[in-house]
Q: 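One structure, as structure tokens, below. Some questions next.
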Amino acid sequence: MANIFPRWTNWLPLKLFIAALVLGAAVVWGVTYYFTPKYTRVGYMPQQPVNFEHAIHVNQLGMDCRYCHVGVETSPNSTIPTTQTCMNCHQQVKKDSPALAVVRESWETGKPIPWVRIHQTPDYVYFNHAAHVNRGVSCVSCHGQVNQMRVVYQDQPQSMSWCLECHRSPEKKIRPLNEVYHLDWKPESEKAQLEMGKKLVKEWNINPPKSCAGCHR
């Protein structure tokens with residue numbers, strides 16, 4: 001009896017299996033490469049309940065980051081400003097402005113302003129703000145030039161590989177402590193940064209963890 005299917009079909013199941021493996025590997029690679037903070041969160045700029053401009057408050061009014069983000073130099077967490085913090089000024093300054101209607105409502109009702117969080121780390125990641133800013137890591141390194149942003153957005157990927165780049169070469173990022181909150185400060189040159197950075201790393205005995213246990217606790 002003659003064969004119904006041609007001889008080459010004997011290899012068809014194996015070829016389909018190999019093709020499925022290759023396609024599956026390509027999909028996994030694509031998801032792993034593109035579905036990372038670098039591609040999915042950099043530039044994230046949600047609409048906030050209040051149009052707060054950092055550029056005005058920091059650059060024009062000269063407000064320090066720590067006035068609103070209380071405890072950033074003493075606590076692992078950087079707090080979101082409370083309504084009380086806003087009203088310290090806005091009970092007098094532009095107290096009837098329509099732009100501050102949500103702030104006034106929060107003040108009257110006691111309900112917090114529903115700010116939309118931008119920078120988020122997974123629950124399994126431990127990050128200590130105080131440990132970084134007290135060793136010369138400026139807000140700019142992680143959050144970008146916030147003082148020039150009309151609307152805050154995520155400037156850096158804040159992925160594990162991005163963090164490790166700094167942990168492996170901290171001399172490229174750290175600055176004098178009195179310049180940590182001066183967001184426009186820059187070294188004279190890349191060479192000057194490295195020379196200063198290496199000096200500070202040695203003086204402050206900076207040795208960031210590079211093992212999993214450093215951040216995954």
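Everything quoted here is computed from the prediction, not taken from an experiment. In what follows, residues are counted from 1 in the order of the sequence shown.
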Q: Where is the tightest heavy-atom contact between G136 and L177, given as atom of each residue plus distance?
A: N-CD2, 3.5 Å

Q: Between W162 and V42, is the side chain to side chain contact (heavy atoms under 4.5 Å, CB included) condition met? List the steps.
A: CA-CA 12 Å; W162 175 82; V42 171; over 6 Å; no

Q: With the side chain counted from C-beta on, respond yes when Y126 and P76 share a heavy-atom pair under 4.5 Å apart, and no when they do not.
A: yes

Q: Applying side chain to side chain contact (heavy atoms under 4.5 Å, CB included), run through N59 and Q148 and close with a yes or a no.
A: CA-CA 8 Å; N59 283 355; Q148 297 178 8; 4.2 Å; yes

Q: For the atom pair CG (L183) and SG (C65), what is the distance rounded to the nearest 0.5 Å?
A: 4.5 Å

Q: For Q47, does the CD atom sit with more than 12 other heavy atoms under 6.0 Å from it, leaving out its own atoms?
A: no

Q: According to a hydrophobic-cluster definition based on side-chain heavy atoms being under 4.5 Å apart (Ile, Leu, Val, Met, Phe, Trp, Tyr only), do M149 and F52 belong together?
A: no

Q: Out of curiosity, M196 CE to R175 CZ, how far, rounded to the nearest 0.5 Å?
A: 8.0 Å

Q: Is there side-chain contact between H57 and Y67, with heavy atoms separated by less than 4.5 Å?
A: no

Q: Are V180 and V140 grouped together when hydrophobic residues (ILVMFWY) are joined by side-chain heavy atoms under 4.5 angstrom apart?
A: no

Q: For C163, does its backbone N or O pair with a side-chain atom of Q158 as donor and acceptor, under 3.5 Å?
A: no

Q: One pair to check against side chain to side chain contact (heavy atoms under 4.5 Å, CB included): V152 and M45. What are the steps and the verdict?
A: CA-CA 6 Å; V152 174; M45 185 192 296; over 6 Å; no

Q: Quick one: does any side-chain atom of Q48 pair with a main-chain N or O of R117 as donor and acceptor, under 3.5 Å?
A: no

Q: State whether the number of non-hydrogen atoms from other residues, nucleotides or ligands found under 6.0 Å of Y153 atom OH is greater than 12.
A: no

Q: Would you say R41's side chain and H119's backbone share a donor-acceptor pair under 3.5 angstrom?
A: no

Q: Which of parallel (below 30°), tilted (30 to 60°) and perpendicular (above 60°) describes H54 and H69?
A: parallel

Q: May I ask whether V151 and I118 are part of the same hydrophobic cluster, defined by side-chain heavy atoms of I, L, V, M, F, W, Y residues being less than 4.5 angstrom apart, directly or through others?
A: yes

Q: Let me confirm one number: the CD-SG distance from Q91 to C86, rounded to the nearest 0.5 Å.
A: 11.0 Å

Q: Ignoring hydrogens and geometry, is there a side-chain-to-backbone donor-acceptor pair from H129 to S75 under 3.5 Å?
A: no

Q: Test of understanding: clusters of I, L, V, M, F, W, Y form through side-chain heavy atoms closer than 4.5 Å, transitively. Do Y44 and W115 belong to the same one?
A: no

Q: Identify the heavy atoms of V72 and Y181 that sit nearest to each other, and give their distance.
A: CG1-OH, 4.0 Å

Q: Distance only, no hydrogens: is a donor on one side chain within 3.5 Å (strictly under) of an acceptor on the other, for D155 and Q145?
A: no

Q: Using only atom types and a distance under 3.5 Å, with no angle test, would you say the side chain of H167 pairs donor to acceptor with the backbone of P209?
A: yes

Q: Are any non-hydrogen side-chain atoms of V102 and I113 less than 4.5 angstrom apart?
A: yes

Q: Is the count of non-hydrogen atoms from other residues, nucleotides or ligands lying under 6.0 Å from E190 atom CD greater than 12?
A: no

Q: Counting heavy atoms not belonging to E188, are there more than 12 under 6.0 Å from its CD?
A: no

Q: For N128 and A130, indicate whether the former's side chain and the latter's backbone hold a donor-acceptor pair under 3.5 Å.
A: yes

Q: Given the rule that I, L, V, M, F, W and Y join up when any side-chain heavy atoms are under 4.5 Å apart, are V137 and W185 in one cluster?
A: yes

Q: Tell me whether E73 contacts the main-chain N or O of V133 through its side chain, where contact means a donor paired with an acceptor under 3.5 Å.
A: no

Q: Under 3.5 Å, is there a donor-acceptor pair linking the side chains of S141 and S138?
A: no

Q: Roughly how far apart are L100 CG and S106 OG, rounded to 0.5 Å?
A: 11.5 Å

Q: What pair of heavy atoms forms the shortest contact from N51 to R150, and how long is it?
A: OD1-O, 4.4 Å

Q: Just wondering, are more than 12 heavy atoms of other shown residues or ligands nearer than 6.0 Å to NZ in K199?
A: no

Q: Just verifying a value: how many Å separate Q84 CD and T82 OG1, rounded to the nearest 0.5 Å?
A: 6.0 Å

Q: Got more than 12 heavy atoms from elsewhere within 6.0 Å of CE, M160?
A: no

Q: For the residue pair V50 and A99, what are the closest heavy atoms and their distance?
A: CG1-O, 4.0 Å

Q: Quick check for you: to the nearest 0.5 Å, what is the distance between D184 atom CG and N147 atom CG?
A: 4.5 Å

Q: Give me the atom names and distance for the closest heavy-atom approach of R168 to P170.
A: C-CD, 3.6 Å

Q: Within the 4.5 Å heavy-atom criterion, are K172 and E165 side-chain neighbours or not?
A: no

